[in-house]
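Written below as structure tokens is the structure these notes are about.
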Amino acid sequence: MSRNKKQRTKTSDLGQNRPDSAQSHEKQKQPRRFGWIPLWGWVLIFVVPLILSEYMFYIAGKRVSMILFPLAWIGFWVTMMQRSEWHILQKRKDR
């Protein structure tokens, strides 16, 4: 166990000693994990669950949930986009 802890501190120390330009350059080199999904796919991933949940809440008669869920859903996606630096909406240069 102590060896794993030492290895973790060494790798984290290496990342701290690098200049900021080297760290940002590494981030640009890494391929995006979900880069293969087109923009219309992301729109479907956002809209379909929203519509289905609104329908479900309408059938169940949960009017308050019909208002609160879209707010939470949009907040969740804005947070995810913020954390990923809005890569989904940026133009794709490789195509």
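Along the sequence shown, the residues carry numbers beginning at 1.
Under the 4.5 Å side-chain heavy-atom criterion for ILVMFWY residues, a single connected hydrophobic cluster contains both Met80 and Leu50. Hydrophobic clustering places Ile51 together with Val43 (ILVMFWY residues linked when any side-chain heavy atoms are closer than 4.5 Å, directly or through intermediates). The cluster map of Ile, Leu, Val, Met, Phe, Trp and Tyr, joined by side-chain heavy atoms under 4.5 Å apart, puts Ile74 and Ile67 in different clusters. Taking hydrophobic clusters as Ile, Leu, Val, Met, Phe, Trp and Tyr residues chained together by side-chain heavy-atom distances below 4.5 Å, Met56 does not share a cluster with Leu71.
Side-chain contacts under 4.5 Å among hydrophobic residues (ILVMFWY), followed directly or transitively, place Val64 together with Leu68. Through direct or indirect side-chain contacts shorter than 4.5 Å among Ile, Leu, Val, Met, Phe, Trp and Tyr, Trp40 is connected to Leu44, Val48, Leu52.
Note that CH2 of Trp42 is 10.5 Å distant from CG of Leu89, once rounded to the nearest 0.5 Å. Taking CD1 of Ile59 as the reference point, atom CZ of Phe57 lies at 12.5 Å (rounded to 0.5 Å).
Applying the side chain to side chain donor-acceptor pair (under 3.5 Å) test to every pair with at least one member in residues 52-78, sequence neighbours left out, gives no pairs at all.
Shown here for Ser84 and His87, the closest heavy-atom pair between the two residues is O-CD2, 2.6 Å. In plain terms, the two heavy atoms of Ile88 and Leu39 that are nearest each other are O-CD1, 4.0 Å.
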